Amino acid sequence: MEKTITQENFESTYTDEIEVARIDKFVCDEMARQIHRYIKAMSGSKQIMLKFEESMAGMSVEEKEVVIARYIDLNRKAISGLDLKIVLARAMANYCDTFAYLIRLVNDKRKMAFYIDRMKQKYLQFHEVYESDGHFGMKDSHGRVLLSPVYDFLRTCYVYVDDLKSLPVIAQKDGKMGLVMPDGHDTVVADFVYDDISLRDESPYFEAVRDGQTGVIGADGSFTAL
């Protein structure tokens, strides 16, 4: 009796491990190029592009997938308008040694669906803000709590031209603003003593108002008046 093909058993039963590994590698290369193009378009800075690429130098494919997914989560405009089928077709073209084989892969609807789903699982891992008892917290794409639901307000800092840098989240607690890291430990970077905090385009990335005085918050959480 012929075994029914499902999306769940397709990978283990009907795919070649070498094919999957190589296409994963070429997809990763294409996604890295997309980030490269995005940084160039947003900032025009060759230095930032090189820093991004240097950050991933020497990493395995699996490690690169993680950092690219994390970058996309914090820079979601990087994939605005991106057609995953085009990314996959380019990866398949790099894998195939003949045009006929490429056409066969692209026309295999089940295999295309398998790889597109695989790409989404690897690269589209978005965190979310959630509410509990009138307060807000943050979870990652797997449901792990990044910030406890104890805040009146949360604003993720999307850094459109940065190179894998983690920035804290702007949060409000008991009517005052502060900065916390979404690290699962609610690590406070800047105490909740500010009337307002906004994001700047360059380092130091946070401008704040405290007791009527405007200044910037450094990476160590210190406040410097402007």
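Positions are given from 1, in the same order as the sequence printed here. This structure is a prediction, so every number in the text was calculated from the model and none was measured.
- Linking ILVMFWY residues whenever their side-chain heavy atoms come closer than 4.5 Å, directly or via other members, places Val193 and Phe153 in the same cluster.
- Looking at Tyr123 and Val27, their side chains come closer than 4.5 Å, going by heavy atoms from C-beta outward.
- Every pair passing side chain to side chain donor-acceptor pair (under 3.5 Å) that includes a residue from residues 208-226 is listed here, sequence neighbours excluded: Asp220-Ser222.
- The shortest side-chain heavy-atom distance between Met31 and Ile72 falls under the 4.5 Å cut-off.
- Using a distance-only test at 3.5 Å, with no hydrogens or angles considered, a donor-acceptor pair links the side chain of Gln34 to the main chain of Ala78.
- Proximity of a side-chain donor or acceptor of Arg22 to a complementary backbone N or O of Glu19 within less than 3.5 Å is not detected.
- To the nearest 0.5 Å, atoms OG (Ser141) and CG (Leu124) are separated by 9.5 Å.
- Annotation for Arg104: atom CZ does not count as buried by contact number, only 12 or fewer foreign heavy atoms lying within 6.0 Å.
- Under the 30°/60° scheme for interplanar angles, the aromatic rings of Tyr71 and Tyr38 are found to stand perpendicular.
- A donor-acceptor contact shorter than 3.5 Å is absent between the side chain of Asp191 and the backbone of Gly178.
- Under a 3.5 Å cut-off, the side chain of Asp183 and the backbone N or O of Asp186 do form a donor-acceptor pair.
- For Lys25, the salt bridge (Lys or Arg N to Asp or Glu O under 4.0 Å) partners two or more places apart in sequence, or in a different chain, are Asp29.
- Here Leu226 sits in one hydrophobic cluster together with Val216; the rule is ILVMFWY side chains under 4.5 Å apart, joined directly or through other members.
- Put simply, the side chain of Ile170 reaches to within 4.5 Å of the side chain of Phe206, judged on heavy atoms.
- You'll find the side chain of Met112 reaches within 4.5 Å of the side chain of Met92, heavy atoms only.
- A donor-acceptor contact shorter than 3.5 Å links the side chain of Arg200 to the backbone of Pro204.
- A heavy-atom distance below 4.5 Å is found between the side chains of Arg33 and Glu30.
- Using a 4.5 Å cut-off on side-chain heavy atoms (C-beta onward), Tyr151 and His135 make no contact.
- The shortest side-chain heavy-atom distance between Pro149 and Asp133 does not fall under the 4.5 Å cut-off.
- Side-chain contact check for Val20 versus Tyr115: some heavy-atom pair is nearer than 4.5 Å.
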